[in-house]
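What follows is a single structure, written as structure tokens, with notes after it.
Numbered from 1 within each chain, the chains take letters A, B, ... in sequence-line order.
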2 protein chains.
Amino acid sequence: MRLHFQINISEALYLKNPEESDLGRKIIKHSIELIHDYGFEYFTFKKLAEYIGTTEAGIYRYFENKHRLLLYIVSWYWNWLSLQIVFQTNNIKDPALRLKKVLNLLAAEVEDDDSTLYVNESLLHQIVISEGSKAYLTNHVEADNKLQIFKPYKDLNAAISEMISACNPKYKYPRSLATTIIEMAHFQNFFMHHLPSLTDFAKEKNDSRIVAFLTDLVFAAIQTNTKGKKE
Amino acid sequence: MRLHFQINISEALYLKNPEESDLGRKIIKHSIELIHDYGFEYFTFKKLAEYIGTTEAGIYRYFENKHRLLLYIVSWYWNWLSLQIVFQTNNIKDPALRLKKVLNLLAAEVEDDDSTLYVNESLLHQIVISEGSKAYLTNHVEADNKLQIFKPYKDLNAAISEMISACNPKYKYPRSLATTIIEMAHFQNFFMHHLPSLTDFAKEKNDSRIVAFLTDLVFAAIQTNTKGKKE
DNA sequence: TGTTCAATGATAGTATTACTATCTTTCTAT
DNA sequence: ATAGAAAGATAGTAATACTATCATTGAACA
């Protein structure tokens with residue numbers, strides 16, 4: 001099955017749309033590879049230019065700076081993931097099952113999606129785990145936010161939040177719980193691989209354990225709350 | 001009451017111990033102010049040197065680079081917080097109450113502690129919220145980890161993890177839940193202030209709401225699990 | 001077939017950052 | 001009175017993060 005879809009990214013993120021040219025697509029494809037290899041701090045436009053076989057100036061025609069490029073690929077990921085969620089929960093009626101499907105999509109390893117030729121989703125997933133929060137953890141979050149740059153992340157959050165409310169309309173913290181799910185799916189993965197004593201998954205480093213942890217956490221939270229229990 | 005205590009920080013983090021000289025203490029004090037004002041990305045040793053009235057070279061005698069300095073002050077914070085937890089839970093016997101106290105210490109606003117003359121804990125708390133995860137979200141986490149650099153963070157995690165297990169020895173994910181608590185105490189705070197639609201605290205931006213959310217989440221998780229319920 | 005315009009390539013240059021080196025001054029402990 | 005450590009002063013380098021300009025290519029249209 002080939003899914004044809006539209007990734008919608010704020011125009012504020014680029015100077016020239018990288019989807020619409022060979023060089024643009026090369027920038028996306030190879031920046032994902034290089035950020036993955038070097039880490040965002042040690043990734044530079046100069047290295048990228050050399051790797052692609054173009055010049056720094058060429059890259060600056062597409063992106064103002066490397067932070068904008070990071071925002072672009074991270075937005076791309078959230079957008080893509082939201083579409084995966086739509087496709088894969090489309091025919092599921094039970095909201096609890098829908099939510100479980102989402103936990104899987106968030107925390108399980110991502111395979112490269114062949115329908116997107118210039119994006120390796122598996123590498124991109126790892127970038128989002130390690131570098132994703134740097135997208136918003138800056139001095140200029142609020143300015144960026146005014147440019148609608150975080151819309152894909154917020155949309156995903158809203159979608160998960162609605163599923164939570166569908167499971168239990170009385171639960172008081174659907175948005176914060178959604179944020180917790182998204183961030184913890186990634187942080188537990190990062191810790192599991194790099195600082196394993198901070199998790200309970202040190203022995204068998206397996207994504208399915210993270211899914212189990214998150215499932216336990218989420219359903220405990222929304223089920224307890226049904227009873228209107230209060231401390 | 002004046003509490004005299006020892007902050008223990010890995011020697012790998014500095015070239016010369018900043019606690020032991022005037023200039024060293026000035027570096028700590030003013031780097032906290034500047035990182036708070038500029039954000040870590042726009043903070044430089046040159047700006048710091050000018051602000052203090054010394055030279056870049058002077059700062060490099062204490063810290064190899066600005067990332068090490070960040071690690072230093074973040075470690076300092078986790079160390080200080082662990083001591084606060086020890087002092088403030090010392091005479092509480094009930095593990096659930098101890099845990100609640102910890103949630104408060106983690107998520108409530110921090111006031112400057114006058115017993116530490118060269119550290120403004122309130123500013124430092126805000127830095128840890130915005131920049132704390134950059135301490136480990138790097139290419140060189142594992143090398144840093146081998147130098148024991150994350151010990152204060154891990155110790156805090158272990159302490160909270162033990163409290164969770166004291167509440168419910170059968171709960172399967174005490175470490176991951178502890179990580180979740182620590183990180184979410186900060187992320188919810190960051191989002192509440194900068195991207196409020198990602199939380200349920202947009203209307204009344206109040207730390208106590210975060211404490212309530214975390215309390216609900218944690219006790220739901222550990223109580224549900226007592227029953228050995230399984231999905 | 002020639003012209004035009006956009007995209008890219010090639011090259012150069014600047015300000016700032018992230019350091020390192022060296023030499024001098026100051027202050028403190030013996 | 002003097003040795004030694006800490007700090008100040010100054011200079012310099014390589015890399016980063018850009019900006020500017022001009023030439024080349026290639027497709028599109030007339």
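- Nucleic acid contact for A/Lys66: sugar-phosphate only, since backbone atoms but no base atoms lie under 4.0 Å from a heavy atom of the residue.
- Atom NZ in B/Lys16 sits about 11 Å away from atom P in D/dA5, given to the nearest Å.
- Backbone-only engagement by A/Tyr62 is indicated by non-hydrogen atom pairs under 4.0 Å involving sugar-phosphate atoms exclusively.
- Here D/dC22 presents its C1' atom at 11 Å from CZ of A/Arg61, a figure rounded to the nearest Å.
- We find that A/Arg209 and A/Glu204 are joined by a salt bridge, their nearest charged nitrogen and carboxylate oxygen being less than 4.0 Å apart.
- Here D/dA7 presents its P atom at 11 Å from CD of B/Glu20, a figure rounded to the nearest Å.
- At a threshold of 4.0 Å, the pair B/Glu50-B/Lys47 does not count as salt-bridged, since none of the basic side-chain nitrogens sits closer than that to a carboxylate oxygen.
- In summary, B/Arg25 and B/Glu20 do not engage in a salt bridge, as defined by a charged side-chain N under 4.0 Å from a carboxylate O.
- Atom pair A/Phe40:CZ and D/dT16:P shows a separation of 14 Å (rounding to whole Å applied).
- Taking the 5' to 3' direction, DNA chain C first and last meets chain B under 4.0 angstrom from a heavy atom at C/dT17 to C/dT22.
- Atom NZ of A/Lys46 is separated from atom P of D/dA14 by 12 Å (rounded to the nearest Å).
- The residue among A/Ala57 and A/Thr44 whose nearest nucleotide of DNA chain D is located toward the 5' end is A/Thr44.
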Side chain to side chain contact (heavy atoms under 4.5 Å, CB included) for A/Leu15 and A/Glu64? Distances and angles first, verdict last. CA-CA 7 Å; A/Leu15 301 169; A/Glu64 251 181 272; 4.1 Å; yes

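- Judged by closest nucleotide on DNA chain D, B/Lys26 is the one of B/Lys26 and A/Glu64 placed further toward the 5' end.
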Residue pair B/Thr138, A/Glu41: steps toward the side chain to side chain donor-acceptor pair (under 3.5 Å) verdict: CA-CA 8 Å; B/Thr138 67; A/Glu41 277 70 32; over 6 Å; no

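- One can place OH of B/Tyr60 at 17 Å from P of D/dA7, the figure rounded to the nearest angstrom.
- Between A/Lys47 atom NZ and D/dA14 atom P there is a gap of 17 Å when expressed in whole angstrom units.
- Rounded to an integer number of Å, the gap from CG of B/Asp22 to P of D/dA7 is 8 Å.
- Checked by atom type and distance alone, the side chain of A/Asn139 pairs as donor or acceptor with a backbone atom of B/Tyr38 at under 3.5 Å.
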If you apply the rule side chain to side chain contact (heavy atoms under 4.5 Å, CB included), what do you find for A/Tyr72 with A/Ser10, and how did you get there? CA-CA 8 Å; A/Tyr72 183 94; A/Ser10 165; over 6 Å; no

